[in-house]
Asks: 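For reference, the structure I am asking about is given below.
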Amino acid sequence: MFAKRHKHSSASRMTELTTFLFGLALLIFVVRELPADVFSPESQSFFFIIGWIAIWRYSWWAVQAVRSLWYNRLVFPSLRAEADAAGNHEKPPELYVLCTSFRIDQRVNFQVYDALIREAHQYGVPTTIFASVSDRTDVDIINHVLDDNGWPQNVTVRYMFQKGDGKRSAMAEVLRAISRCLPAPGSLLISMDGDILLEPNTLSRTLPFFIAQEDLGALTTNNRAKVTGNDVTREWYDLRYAQRHLMMSSMSLSRHLLVLTGRYSVFRTDLAIQPDFIELIESDHVDHWRFGSFKFLSGDDKSSWYWLLKNGWSMLYVPDVYVTGFEELPNRHRFFASSTDLMRRWFGNMLRTSNRAIALGPRPMGMFTWWSLVDQRISMWTTLVGPTVVTLVTLFIRPSFFFTYVLWIMFSRGIAVSVLAWQRGRFSLLWVPLIYYNQVWGAILKTYVSFRFNRQQWSRQGISAGEPDDPVAARRQRRIGHALHSLVYGVLLFILVISTGDIMPPDRTTMHIALDQVREPVHGSQRLDRSVDTNHTDKACEPIQSPPDYFLVEGGLIKALPQSASTQTRQQTTLTVLSKRSQRQCNERLWIEPTPPLEVSTTHP
């Protein structure tokens, strides 16, 4: 089934109208400036735009979109029916809630715990809420919520104060406390952030899946946001949730996910209190040949996901249950800087974990999930191919090709966001530029982080980790990262320069002519007995006889071919075009053939 329509944080009508008018004006301008032969099958521009990399990338995205529709329309409804039937006859014996919060706004804190306690009371099973808080004010607010709800008998709240060194240590302390409670077999654990609002019936619509599916280790749900910020920020968050919904639905078809979000996930308690699970949450680290051993600062959801994946447990995405996050950029007045900080943290968590998950091989997760992890590593480079080649072609071959690329972006991203909107239940024109921003700038950040993923920073909590304490060693690591990044991108750039066929390194002839033009006049003229490569359009594709005095090749490459002496006034320069016949253009080699030997002056007479 499709995700039900819910109220989302969205842009204003004036912003949408402005975006529409700007997009329409841009479309008209681009179409007017397009090269005349852009849609011709003979056109190099045509073949380049729908090149093999674009076909490959969008084919893979189409596979994910089809799988998402298949899961939502055909597979999940039967899973929902089984879970509802199981939930009508049985409930888990106990429920534990791990809720971590750090300097959350008091009004948000009240709403979050009010919704959580109401849900736990309504569900009716013994529930212990471990509130991992950072301030005494949080305790007062939660007690106020309990007063308003009459201190439900089946709900117990325990407070644990954080150390201030990050979320991981706080979670580990709570998990050990739950372990000491000796949970009953079949009990469940909810792990959620302190800024997540549960909607009515969230528990009754998610927990029964564990009763219906014995191999299910964890599940997560759909998300929506209440955003504090401008229209662009609101649509950016909603677009990310739409992309997340498509990817999660596709992966859930294989009974595995690529992440278990920390916003709201449910685990089997007997798995979450395993000593190695708790150790991984608290002290997850990586041993790297260049960075040595360093601990992860954030990304606890990636650690829990990896543990379940390694141990062969299934995971599930529940698309018809929403939880609402109170979202705000670290600096609401600086969208680019704040979104960059967030993406660097998210992508760092992904890259720090994906290598070891890939190393597990397809056996514990299936081929599709395994290849999706591999594709995450490849796509950050292939995404940069289009912008890089367009820049090269625009600068060195055909400036008007840039307009072709803009038209391609508007067309391809328009289709992509239409599919996302179909499943999300709403559409915004701002999604078109924002999805391009997410893809291209996100790919740049991924490649950047991949050579520096030891550097970690959590802007909201003001903590960082990963780099050596010695400033000299830290600078050395950074310089090596810059060098490796430049080398790899340089190799990619070189391959693209060569593979385009139109942008070639200077040959011997070009180098000789360049040297001729910079030498002093006293060195005299040099014999020209070389061939010159160029592109020349000639409808008849016949040999061309050049004028006896001057002619132009490649925009001034050879400025003049004057007759060298009065005794050679009868000499003519023959320019022969050797071409392959085609309907539109001749690709030819120009051979300058002096008869007898012709002297070429490097200066205009």
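Just so you know, these numbers use all the heavy atoms, side chains as well, and skip hydrogens, waters and symmetry mates.
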Asks: Is any side-chain heavy atom of N222 closer than 4.5 Å to one of R424?
Replies: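 When only atoms from C-beta onward are counted, N222 and R424 do touch, with a gap below 4.5 Å.
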Asks: Looking only at heavy atoms, which two atoms of I281 and S303 are closest? And how far apart?
Replies: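 Closest approach of I281 to S303, heavy atoms only: CD1-CB, 4.2 Å.
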Asks: In terms of side-chain heavy atoms, does S428 have a donor or acceptor partner in R234 at a distance below 3.5 Å?
Replies: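 Short answer, no.
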Asks: Flag the pair Y306 / L360 as yes when at least one side-chain heavy-atom distance between them is below 4.5 Å, and no otherwise.
Replies: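 Answer yes - side chains close enough.
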Asks: Any donor-acceptor pair under 3.5 Å linking the side chain of R268 with the backbone of F210?
Replies: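 Answer holds: yes.
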Asks: Once you round to the nearest 0.5 Å, how far does CG of L316 lie from CG of L219?
Replies: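 Answer for the CG-CG pair, L316 versus L219, is 6.0 Å.
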Asks: Has M367 got more than 12 heavy atoms of other residues, nucleotides or ligands less than 6.0 Å from its CE?
Replies: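 Not buried by this count: 12 neighbours or fewer within 6.0 Å.
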Asks: In Å, rounded to the nearest 0.5 Å, how long is the span from CD of E82 to CD1 of I211?
Replies: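 It is 13.0 Å, given to the nearest 0.5 Å.
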Asks: Charged N to carboxylate O under 4.0 angstrom, E282 versus K295?
Replies: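 Salt bridge: no.
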Asks: How are the rings of F335 and Y437 set to each other: parallel, tilted or perpendicular (split at 30° and 60°)?
Replies: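 The rings of F335 and Y437 sit tilted, inter-plane angle from 30° to 60°.
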Asks: To the nearest 0.5 Å, tell me how far L203 CG sits from R205 CZ.
Replies: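 L203 atom CG to R205 atom CZ measures 12.0 Å (nearest 0.5 Å).
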Asks: Would you check, one step at a time, whether the test ring-ring contact (aromatic ring centres under 6.0 Å, His included) holds for H245 with Y317?
Replies: CA-CA 9 Å; H245 171 70; Y317 172 62; 5.8 Å; yes
Asks: Ring of W236, cation from R240 - is the NZ or CZ under 6.0 Å from the centre and inside 45° of the axis?
Replies: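 Pair R240/W236 counts as cation-pi.
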Asks: Going by atom types alone, do Q423 and S68 pair a side-chain donor with an acceptor below 3.5 Å?
Replies: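 Judged by distance alone, the side chains do pair up.
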Asks: What's the verdict on side-chain contact (heavy atoms from CB on, under 4.5 Å) for R244 and T220, showing C-alpha distance, side-chain angles and the deciding distance?
Replies: CA-CA 12 Å; R244 175 185 180 274; T220 191; 3.5 Å; yes
Asks: So, are E327 and R263 salt-bridged, with charged N and O less than 4.0 Å apart?
Replies: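 Yes.
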Asks: Restricting to non-hydrogen atoms, name the atom on F267 and the atom on A218 that form the minimum distance, rounded to 0.1 Å.
Replies: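 Of all heavy-atom pairs spanning F267 and A218, the closest is CD2-CB, 3.6 Å.
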Asks: Is the shortest side-chain N to carboxylate O distance from D341 to R345 below 4.0 Å?
Replies: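 Salt bridge flag = no for R345 with D341.
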Asks: Between the side chain of R344 and the main-chain N/O of L445, is any donor-acceptor distance below 3.5 Å?
Replies: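 Between the backbone of L445 and the side chain of R344 there is no qualifying donor-acceptor contact (under 3.5 Å).
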Asks: Apply side-chain contact (heavy atoms from CB on, under 4.5 Å) to Q122 and N201, showing your working.
Replies: CA-CA 8 Å; Q122 179 182 349; N201 301 316; 3.3 Å; yes
Asks: Evaluate F277 against L271 for side-chain contact (heavy atoms from CB on, under 4.5 Å), listing each step before the verdict.
Replies: CA-CA 7 Å; F277 183 95; L271 301 180; 5.6 Å; no
Asks: Would you say W313's side chain and D215's backbone share a donor-acceptor pair under 3.5 angstrom?
Replies: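 Not at all, since once roles are kept as given, no pair shorter than 3.5 Å links the two residues.
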Asks: Can you tell me if N154 uses its side chain to pair, donor with acceptor, with the backbone of V125 under 3.5 Å?
Replies: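 Indeed, once roles are kept as given, a pair shorter than 3.5 Å links the two residues.
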Asks: Distance from S250 atom OG to L257 atom CG, nearest 0.5 Å?
Replies: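 Output value for this atom pair is 10.5 Å.
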Asks: When Y264 is tested against each of T202, V318, L197 for side chain to side chain contact (heavy atoms under 4.5 Å, CB included), which residue passes?
Replies: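 Between Y264 and the candidates, side chain to side chain contact (heavy atoms under 4.5 Å, CB included) is satisfied uniquely by T202.
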Asks: Ignoring hydrogens and angles, state whether a donor on the side chain of E94 or S187 is under 3.5 Å from an acceptor on the partner side chain.
Replies: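 Checked: E94/S187 side chains show no N/O donor-acceptor pair below 3.5 Å.
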Asks: Determine the interplanar angle of the F451 and H485 rings, folded into 0 to 90°, and report it as parallel if under 30°, tilted if 30 to 60°, perpendicular if over 60°.
Replies: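 It falls in the parallel class, under 30°.
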Asks: Restricting to non-hydrogen atoms, name the atom on A86 and the atom on P208 that form the minimum distance, rounded to 0.1 Å.
Replies: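 In this case the closest contact between A86 and P208 is CB-O, 4.3 Å.
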Asks: Taking the side chain as every heavy atom from C-beta outward, state whether T100 and D193 have any atom pair closer than 4.5 Å.
Replies: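 Yes, side chains in contact.
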Asks: Any side-chain heavy atom of W441 within less than 4.5 Å of one from S339?
Replies: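 They are not in side-chain contact.
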Asks: Taking all atoms of both residues into account, what is the closest heavy-atom pair of S134 and F161, and its distance?
Replies: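 Looking at all heavy atoms of both residues, the closest pair is C-CD2, 4.5 Å.
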Asks: Hey, does E119 have a side-chain heavy atom less than 4.5 Å from the side chain of E199?
Replies: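 They are not in side-chain contact.
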Asks: Quick one: are M315 and L309 in side-chain contact, heavy atoms under 4.5 Å?
Replies: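 The answer is yes, as the side chains (C-beta and beyond) meet within the 4.5 Å cut-off.
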Asks: Is it true that R57 and D375 have a side-chain N and a carboxylate O under 4.0 angstrom from each other?
Replies: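 Salt bridge present between R57 and D375.
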Asks: Is the NZ or CZ atom of K91 both under 6.0 Å from the centre of the six-membered ring of Y123 and within 45° of that ring's axis?
Replies: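 Yes; both conditions hold, so K91 lies above the ring face of Y123.
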Asks: Do you know which two heavy atoms are closest between M380 and T447, and how far apart they sit?
Replies: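 Looking at all heavy atoms of both residues, the closest pair is O-CG2, 3.6 Å.
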Asks: Donor-acceptor check, side chain of S372 to backbone of F368, threshold 3.5 angstrom: yes or no?
Replies: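 Yes.
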Asks: So, taking the atom named NZ in K167 and the one named CG in D301, what distance separates them when rounded to the nearest 0.5 Å?
Replies: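 Answer for the NZ-CG pair, K167 versus D301, is 6.5 Å.
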Asks: Looking only at non-hydrogen atoms, find the nearest pair between L188 and T269 and report the distance.
Replies: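 Minimum heavy-atom contact is C-OG1, 2.9 Å.
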Asks: Which distance, rounded to the nearest 0.5 Å, do you find between the CG of N355 and the CD of Q376?
Replies: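 Going from the CG atom of N355 to the CD atom of Q376 covers 10.5 Å.
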Asks: Do R67 and S254 get their side chains close enough for a donor-acceptor pair, meaning under 3.5 Å?
Replies: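 There is such a pair (donor and acceptor under 3.5 Å, judged by atom type) between the side chains of R67 and S254.
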Asks: For the pair D284 and R356, find out whether any cationic side-chain nitrogen is under 4.0 Å from an anionic carboxylate oxygen.
Replies: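 Yes, this pair counts.
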Asks: How about L116 and I129: do any of their side-chain heavy atoms sit closer than 4.5 Å?
Replies: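 The answer is yes; the side chains approach within 4.5 Å.
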Asks: Under the criterion side-chain contact (heavy atoms from CB on, under 4.5 Å), I'd like the reasoning laid out for R452 against R478: C-alpha separation, chi angles, the key distance, then a yes or no.
Replies: CA-CA 7 Å; R452 307 161 182 86; R478 292 188 179 191; over 6 Å; no
Asks: I want to check something: taking the side chain as every heavy atom from C-beta on, are I104 and D138 in contact at a cut-off of under 4.5 Å?
Replies: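 I104 vs D138: side chains apart.
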Asks: Between the side chains of Y71 and S252, does any donor sit under 3.5 Å from an acceptor?
Replies: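 The criterion, which ignores hydrogens and geometry beyond distance, is satisfied for S252 and Y71.
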Asks: For W305 and S265, which I'm curious about, is there any donor-acceptor pair between the side chains at under 3.5 Å?
Replies: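 Their side chains do not contain a donor-acceptor pair, so the 3.5 Å distance test is not met.
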Asks: Keeping Q162 on the side-chain end and S101 on the backbone end, is there a donor-acceptor pair under 3.5 Å?
Replies: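 A pair under 3.5 Å: yes.
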Asks: Would you find a donor on one side and an acceptor on the other, under 3.5 Å apart, between the side chain of S78 and the backbone of V75?
Replies: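 Checked: pair present.
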